[in-house]
Amino acid sequence: MTAAESDFVLEVRDLETNFHTQDGVVRAVRKVSLDVERGHRVGVVGESGCGKSAMALSILGLIEPPGRVAGGSVILNGRDIARFSDRELQRVRGKEVSLVFQDPMTALDPVKTIGAQIVETIVRHRRIGKRAARRNAVELLRDVEVPHAERRLDDYPHQYSGGMRQRVLIAIALANEPDLVIADEPTTALDVTTQAQVLDVLERLVTERHTAVMLITHNLGVVAEFCDRVFVMYAGRVVERASADDLFARPVHPYSEALLRSVPRPDQLQRGPLPTIPGFPPSLAHLPAGCPFEPRCPVGHGLEVCGTEVPPPVPVGDPADPVVAECHFAEERWQGVTPSGAVSEGGA
Amino acid sequence: MPITRRIAGQFVGGLIAIFGASLIAFLFMRVLPGNPARLIVGPLASEQAIEEQEKAMGLGQPLWEQYWRYIKGIFTGDWGFAYSAGETVRHEIFARLPASMELGFYAFLFAFLLAVVLAVASTYRHRPVVDGAVRGASFVGLGMPPFWFGLIALLLFSQVWHIFPGPDGRLGQNTPPPPTVTHFYTFDAVIAGQWGTAWDAFHHLMLPMIALGLAPWAFLVRLLRANLLDISRENFLVVVRSKGLGRRSAFEKHALPNAFLPTLTAAGLLLAQLLAGSVLVERVFNWPGIGGLIVDSILRQDFAVVQTFVLLSAILYVVVNMFVDILYGVIDPRVRVPVAK
């Protein structure tokens, strides 16, 4: 590894993305910073509409008007690709960083064969003949465990099931052995059994290839199984960053805790409704003055400091690998002194 | 559904449509007031002459017998006599067909090419001004009667500004027609190397072409624009871009083919617009095509011509739509290839 090449495949600094709509400026991504270590897997979790997908597309430079990346840097393999022109980005997308899209039913061109859509990304980035690219595509389909790969290469997307299409999307994303795969809700549209199979395939392949993964999801179970680090997003901000172990054992931000509580857990067979987070996330066009979670927060709701001051990122715990939470009570909660904390509870 | 069954179903449907059209054309001409025989022999003719004329036209026979003669004639090539022209209907139609076909061909080309260019221009990037202009123009195009547009265009571009020739048919008075090869004057003139004639023919074509192509253009551009907008929001375009393809290749290789497919189905409707529009546009521009013939024949209750025209149009319409549907099945894999077991 050269000096210029850090341990991080991706470093996002103060990324800002706005959508200019008739209701005003929707601030979908608000100065988000996060890093992905080479070969590691991070999870980005949060409710729908918290800016996860907008962040993913911002990293890839694929935000379309009325959206616009307003600031920040995206350092991929040591270069700030946020400053790249689209032409320069075209050489990066699909080669160094690729995307596994969320909805397999609509993510493939319905009038092109599966094979053509895999070959397309291969020939885009490599000097390779049509024949060789096709052989390569067959191998990729085998890798993602599509049965009868050779025969099914010339099928069309409508002939594939949802799970099989998601495998194709994984094959496309991994075709050029990128350093980072951004998987945006890769399993959300699938039924539970298929989800597990598709995740297994993804896990096996990125382990073999030492590919770093940014897994965007609202499924905490998937995160627990798959990721070493977690970024919790709320209202366009990363409100907590922690190792997966820390997050599941001692969630610091009240939002993280609430998210964990609303996951059904088979080991706790109490009857009654699943805990939910009351209220709705704030409109990203009209953010509250203080902490964006204050109106829904069991800890800080009604407190003056929470209602008026945006909490700064507070590092707690091990200084070498701190948990960082944007909460006025981060330190107290880490110590376990706030009354409503479930911090003493065991991890997942 | 297997493709053979689809085709068979369409064939039967087409036959029913043609039968319906023939019946309507036949009955409509019969219930119109007025006596065609009297119109033919003239106001000074004797009652006896009128009776003889009626007999010659078969007007005294029962309706079903007249209808039978009409249908049989269509298939045996005996399309009747065009009294207003003094020729057989067949001769009249074939003599005028090339002029109509050439005009229709150029009108279609104009409508299609301009629609593609403008639909792409208004959707390829976010361009509110271009988009607004295209949408406004397409509204005008849909709302304006083609013959009226033709009259205004003639008034402005021919009478006032002298940019285009007046309504004197396919060629200027001093230009002889080129030697016949394809019956299209523009093509024939080019083949014969008569560039002046080719230009004259095209110059004469331009205004009627625009008048006739305006409504199909407006229809197509709206359809294509809506399709492109829908497609441009499709997720697969994001995926295509995430592979490293440029905006333009994503548009050309993925958005356009998807947007074109539904447009194909509209081709049949376009044909109907061209047929209907041609009747009056040809009249306005004195175009020696079938449209002018039809107007005359309706005014003079020249049964045979109108009946034949309606039936031929219906057949053409059905055949084109059937062809389009089959083509659609060949091009769109979702129709062509069944879902795997």
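Naming: A, B, ... by sequence-line order, numbering from 1 per chain. Note that the coordinates shown come from a computational prediction; the quantities given were computed from them, not determined experimentally.
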Exercise. Should A:D86 and B:R241 count as an ion pair when the cut-off is N to O under 4.0 Å?
Worked result: yes
For this session: Nearest 0.5 Å please: distance from the OG atom of B:S232 over to the CD atom of A:E64.
Result: 8.5 Å
Exercise. So which of A:P110, A:P66, A:A175, A:A173 has the biggest tally of heavy-atom pairs under 4.5 Å with chain B?
Worked result: A:P110
Exercise. What residue in A:L99, A:I172, A:V111 has the most heavy-atom pairs under 4.5 Å with chain B?
Worked result: A:V111
For this session: Pick one of side chain, backbone, both or neither for A:Q102, based on which atoms fall under 4.5 Å of a heavy atom in chain B.
Result: neither
For this session: Provide the closest heavy-atom pair for A:K112 versus B:P257 in the form atom of the first, atom of the second, distance.
Result: NZ-CG, 4.0 Å
Exercise. Which answer fits A:L108, side chain, backbone, both or neither, if we ask what part of it has an atom under 4.5 Å from a heavy atom of chain B?
Worked result: backbone
Exercise. For A:L57, is it the side chain, the backbone, both or neither that has a heavy atom under 4.5 Å from a heavy atom of chain B?
Worked result: side chain
Exercise. Can you tell which of A:Q90, A:K95, A:Q117 makes a side chain to side chain contact (heavy atoms under 4.5 Å, CB included) with B:K243?
Worked result: A:Q117
For this session: Measure distances from A:I182 to the heavy atoms of chain B and classify the residue's part below 4.5 Å as side chain, backbone, both or neither.
Result: neither
Exercise. So does A:E150 have more than 12 non-hydrogen atoms from other groups sitting under 6.0 Å from CD?
Worked result: no
Exercise. Picking from B:D332, B:L245, B:V238, which has the most non-hydrogen pairs under 4.5 angstrom with chain A?
Worked result: B:L245
Exercise. Around A:H148, counting heavy atoms of other residues, nucleotides and ligands shown, do more than 12 lie under 6.0 Å from its NE2?
Worked result: no
Problem set entry | CE (B:M101) with more than 12 external heavy atoms under 6.0 Å | no
Problem set entry | Least distance between heavy atoms, A:D109 atom then B:H254 atom | OD2-ND1, 2.6 Å
